[in-house]
Amino acid sequence: MSFIVKRCLSTSTAKNAINNVTIIGGGLMGSGIAQVAAQAGNNVTIVEVNSDALKKADIGIAKSLERVGKKLHKDNPNDAKNFVEQIRSRINGSTDTKSAVQDADLVVEAIVENMKVKHDLFKTLDQAAPQKTIFASNTSSLSITEISSVTNRKDRFGGLHFFNPVPMMKLLEVVRTENTSDETFNAMWNWGKAIGKTCIKCKDTPGFVVNRLLVPYLSEAIKMVERGDASAEDIDIAMKLGAGYPMGPLELADYVGHDTTKFILDGWHEKFPDNPLFEPTKILEKFVKEGKLGRKSGEGFYKYN
Ligand SMILES: CCCCCCCCCCCCCC(=O)CC(=O)SCCNC(=O)CCNC(=O)[C@H](O)C(C)(C)COP(=O)(O)OP(=O)(O)OC[C@H]1O[C@@H](n2cnc3c(N)ncnc32)[C@H](O)[C@@H]1OP(=O)(O)O
Ligand SMILES: NC(=O)C1=CN([C@@H]2O[C@H](COP(=O)(O)OP(=O)(O)OC[C@H]3O[C@@H](n4cnc5c(N)ncnc54)[C@H](O)[C@@H]3O)[C@@H](O)[C@H]2O)C=CC1
């Protein structure tokens, strides 16, 4: 009996199994997604625009894995080192989008938050990837239905929205459109669980669940600074000590990155022009113009070294 059960399980696992994962974009989010997939045993390929970007992703992943390795192997630095090397050996880098998806079971897109750029990418991916490949976007704020509209695999397309920093944040929003098939949704859901995330099911509505609530909150915090209602430091202290958040809203905005924040804001302003929450802000415009993108560039509301 147990043999039959096992055989049935392994057959269904094999059918929906996701082993080869290609992540497009190895920035803040893509490198974290690559790391957790590799930690779960997947063969991972990261696609970036050039070799410098791949190198940066590799360094970021190594640093994060060292933190995880130290925790897992507190008393044995050698085991910690082996852990890091073993996981890194499952991650390859490429600058050739087409060849990187040839054998992919799943492609997760984590490039800039811009519909046109995402459309250009998915047109290329749709031509290059085999029929079996599931496509997912990690978009924060764009419609998955609209992103998928340029492909011929709308049934094999969904959203996998991770949270920053990916290795630490337990949630994964699994987004299905009207066109996402049950098989695709189940494969994405099972993969999310297999890589250790707690999954929630979301419809393709603006901001899904978390960002529908988080964006107005961050937006109002930035407007409070702009109006001079309180300093960034005091607002952050207030929300940490008064509401129990691990980071204040301005620290969090620095953590997300102001280029991404501005992309989100501009996109929602275009979509909801009458909503004052999404009106352009001078602070964000200035930050992005000056290259002050937050933690990743060394300065935003705060300075980092
Ligand atoms: C006016 C208009 C404005 C428009 C505004 C529009 C705004 C739009 C923004 C929308 C944002 C969209 C983003 C999105 O789509 C969704 C998101 O991702 S939102 C972000 C969600 N993330 C959070 O909320 C993070 C909250 N912070 C935390 O949970 C903690 O602060 C954090 C875990 C990041 C760090 O913990 P902390 O105690 O503060 O610091 P430590 O450095 O001590 O770390 C604790 C612990 O964690 C380990 N660790 C941390 N980072 C990593 C890592 N990258 N890899 C591995 N391990 C990591 C660290 O080693 C520590 O472990 P110990 O065992 O405790 O030593
Ligand atoms: N920053 C955050 O906290 C979160 C961001 N997201 C979403 O994840 C996506 C990526 O965001 P981040 O990682 O923060 O951005 P990022 O700017 O850190 O990384 C994006 C990476 O994509 C690369 N890239 C751009 N075009 C590419 C292409 N055609 N092919 C290959 N690589 C390409 C860039 O070189 C860059 O390294 C966005 O859609 C964003 O909305 C989702 C959750 C949280």
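When a ligand or atom number is given, it counts from 1 through the structure's own listing order. Please read all numbers here as calculations on a predicted model, not as lab measurements. What you see below is based on every heavy atom in this structure, not just the backbone, and it leaves out hydrogens, waters and symmetry mates. The first residue of the sequence shown is numbered 1, and numbering continues consecutively from there.
With ligand atoms numbered from 1 in the order given, ligand 1 contributes 34 (C), 54 (N) to contacts under 4.0 Å with heavy atoms of P165. In summary, the atoms of ligand 1 found under 4.0 Å from a heavy atom of N164, numbered by their order in the structure, are 18 (O), 20 (C), 21 (C), 22 (N), 23 (C), 25 (C). Heavy-atom proximity to M247, at under 4.0 Å, picks out these atoms of ligand 1: 26 (C), 27 (N), 31 (O), 34 (C).
For ligand 1, one of its N or O atoms has an N or O atom of S64 under 3.5 Å away. Considering backbone and side-chain atoms alike, T281 places every N or O at 3.5 Å or more from each N or O of ligand 1. Taking any N or O of H161, backbone or side chain, at least one lies under 3.5 Å from an N or O belonging to ligand 1. Considering backbone and side-chain atoms alike, T139 places every N or O at 3.5 Å or more from each N or O of ligand 2. In terms of N/O distances under 3.5 Å, ligand 2 is not approached by F163.
No part of T260 comes within 4.0 Å of ligand 1, judged by heavy-atom distances. With a heavy-atom cut-off of 4.0 Å, L28 touches ligand 2 through backbone and side chain alike. Of all the heavy atoms of V256, the ones lying under 4.0 Å from any atom of ligand 2 are found in both the backbone and the side chain. Counting heavy atoms under 4.0 Å from ligand 2, residue S140 touches it through both backbone and side chain. With a 4.0 Å cut-off on non-hydrogen atoms, M169 does not touch ligand 2 at all. With a heavy-atom cut-off of 4.0 Å, K296 touches ligand 2 through its side chain alone.
For the pair R176 and F185, the cation sits on the ring face: its NZ or CZ lies under 6.0 Å from the ring centre, inside 45° of the axis.
Remark: atom 18 (O) of ligand 1 lies closer than 4.0 Å to at least one protein heavy atom. Atom 40 (O) of ligand 1 is never approached by the protein to below 4.0 angstrom, counting heavy atoms only.
Ligand 2 has A110 within reach: a non-hydrogen atom of the residue lies less than 4.0 Å from it.
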